[in-house]
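Notes to accompany the following structure.
For ligands, and for the atoms within them, numbers begin at 1 and follow the listed sequence.
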Amino acid sequence: MSEFGLIAQIAKRFASIDHHGWEAIGDDCTVLPIGDEALVITTDMLIEGVHFLRDKISPEELGRKSLAVNLSDVAAMGVRPVATLLSVALSKDATEEWAERFTAGYHALSEEYSVALVGGDTTSSECGIAINVVAIGRGPLANVKRRSAACVGDIVYVGGELGASARGLKDIFAGNDATPNAAIHRNQQAQVAEGEWLGSRAEVHAMMDLSDGLASDLCHILRASKCGAELYAEQIPAVDGDIESAVAGGEDYKLLFTVAETSAAQLESDFLAHFGRPIYRVGRIVESENHTIRWFSEGKEFSPDWKGFTHF
Ligand code: ADP
Ligand code: MG
């Protein structure tokens, strides 16, 4: 069974149980409106051998990454992360020193964003280290961005350059641990401040974070918003000009969002003025019965064979 097949089956099975105000499965976080405010909650797991190799990432880096991938899902909702819960299953060969260094990395990033650690669980594992983080965000309900809010005519943006993480992973597998892309792969940065800032802008419609690659992740917005997209290959901000890694590589953790066309130029210049970095226009939301992406290169349509990253 595919990852998304299992999620769809779970969503269907549990749909009839009262949600007590929480939004249903399907977005980067679930949302609980409380008056004019919202709490958002997400969880992500990192498994040794699947998401990381212990000899290829330092414990500090893994601590930061475990938190960063969760902060990214909160940022993708347009609000600020405020607290996390951290659960760790340690295998017998994981030393106390490893655990301490892991915690130091998790703490350093928590401090950077002033995110409290308010709970968790600690246990042992028979087969490798497993880490689970729950992240909680809070902000004005009006700022919450959902995958379902893209409108036909919106401009599609990504919040930074894409593909460095996938290229870095290739470098690591090839034994080149010291390349700049390998360092990026081990030290993913969530766009936390950017997510909250974009959340406050009403012209930003749909938003999510890129964990599996643009080609795969954009389809979540398209299905949720019942629309399609045109993407322009030459506009993709591909690291080292490697478009396949940029489009189908995983773990970039940049924001993907759609913006009302009339406000797009203003948003671009305001973002640049605020963060000193650009956002990148990569396409446009269009009508589409089957919610697909149409790819163009210099005005000509083409059919790439790019697939998103999957853990299954
Ligand atoms: P992300 O990449 O943003 O972390 P995922 O692709 O992992 O999101 O998950 C997509 C949606 O499915 C999310 O809303 C997530 O909460 C939900 N989900 C994933 N796995 C499960 C599960 N085992 N049970 C319930 N919901 C799940
Ligand atoms: Mg996400």
Check your understanding: Is there a nitrogen or oxygen of E3 sitting under 3.5 Å from a nitrogen or oxygen of ligand 1?
Key ->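 No, no N or O pair falls under 3.5 Å.
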Check your understanding: For ligand 1, is there an N or O atom under 3.5 Å from any N or O atom of T43?
Key ->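 Such a contact does not occur with ligand 1.
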Please list the nearest protein heavy atom to [atom] with its residue and the distance rounded to 0.1 Å.
| atom | answer |
| --- | --- |
| atom 17 (C) of ligand 1 | I25 CG2, 3.7 Å |
| atom 5 (P) of ligand 1 | I7 CD1, 4.6 Å |
| atom 4 (O) of ligand 1 | D73 OD2, 3.2 Å |

Practice item. Measure L6 to ligand 1 on non-hydrogen atoms and call it side chain, backbone, both or neither using the 4.0 Å cut-off. Key: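 For L6, there is no contact with ligand 1 at all, from either part.
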Main chain of [Y], side chain of [X]: is a donor-acceptor contact present, judged purely on distance under 3.5 Å?
| X | Y | result |
| --- | --- | --- |
| S216 | A248 | no |
| Q235 | R281 | yes |
| D252 | G163 | yes |
| S269 | Q266 | yes |
| D27 | C29 | no |

Exercise for review: May I ask whether atom 20 (N) of ligand 1 is less than 4.0 Å from at least one protein heavy atom?
Suggested key: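 Yes, because at least one protein heavy atom sits under 4.0 Å from atom 20 (N) of ligand 1.
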What atoms of ligand 1 come within less than 4.0 Å of a heavy atom belonging to [X]?
| X | value |
| --- | --- |
| I10 | 22 (C), 23 (N), 24 (N), 25 (C) |
| R147 | 3 (O) |
| S211 | 2 (O) |
| D27 | 13 (C), 14 (O) |

Review point. Of V133, D209, V115, which meets side-chain contact (heavy atoms from CB on, under 4.5 Å) against L71?
Key: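 Answer to the side-chain contact (heavy atoms from CB on, under 4.5 Å) test with L71 among V133, D209, V115: V115.
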Review point. Quick one: does F4 get a heavy atom under 4.0 Å from ligand 1?
Key: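 Yes, F4 has heavy atoms under 4.0 Å from ligand 1.
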Point to revise | Contacts of H220 that satisfy ring-ring contact (aromatic ring centres under 6.0 Å, His included) - sequence neighbours left out | key: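 Once residues adjacent in sequence are excluded, the partners of H220 under the ring-ring contact (aromatic ring centres under 6.0 Å, His included) criterion are F4.
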Review point. Does W197 have any ring-ring contact (aromatic ring centres under 6.0 Å, His included) partners at least two apart in sequence or in another chain, and if so, which?
Key: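 Expected list: F271, H274, F275.
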Practice item. Taking the Mg ion (ligand 2) as the centre, count the protein N/O/S atoms lying under 2.8 Å from it. Key: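 Total protein N/O/S atoms under 2.8 Å from the Mg ion (ligand 2): 3.
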**Study point:** T179 and N181 side chains, donor-acceptor separation under 3.5 Å
**Key:**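 Their side chains do not contain a donor-acceptor pair, so the 3.5 Å distance test is not met.
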Review point. Are V88 and L109 in one and the same hydrophobic cluster, where Ile, Leu, Val, Met, Phe, Trp and Tyr link if side-chain heavy atoms are under 4.5 Å apart?
Key: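 Same hydrophobic cluster.
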Review point. Sequence neighbours excluded, which residues qualify as side-chain contact (heavy atoms from CB on, under 4.5 Å) partners of F14?
Key: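 Residues passing side-chain contact (heavy atoms from CB on, under 4.5 Å) with F14: I10, I17.
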Practice item. Test side chain to side chain donor-acceptor pair (under 3.5 Å) on N132 and T43 and set out the steps. Key: CA-CA 7 Å; N132 178 252; T43 185; 3.0 Å; yes
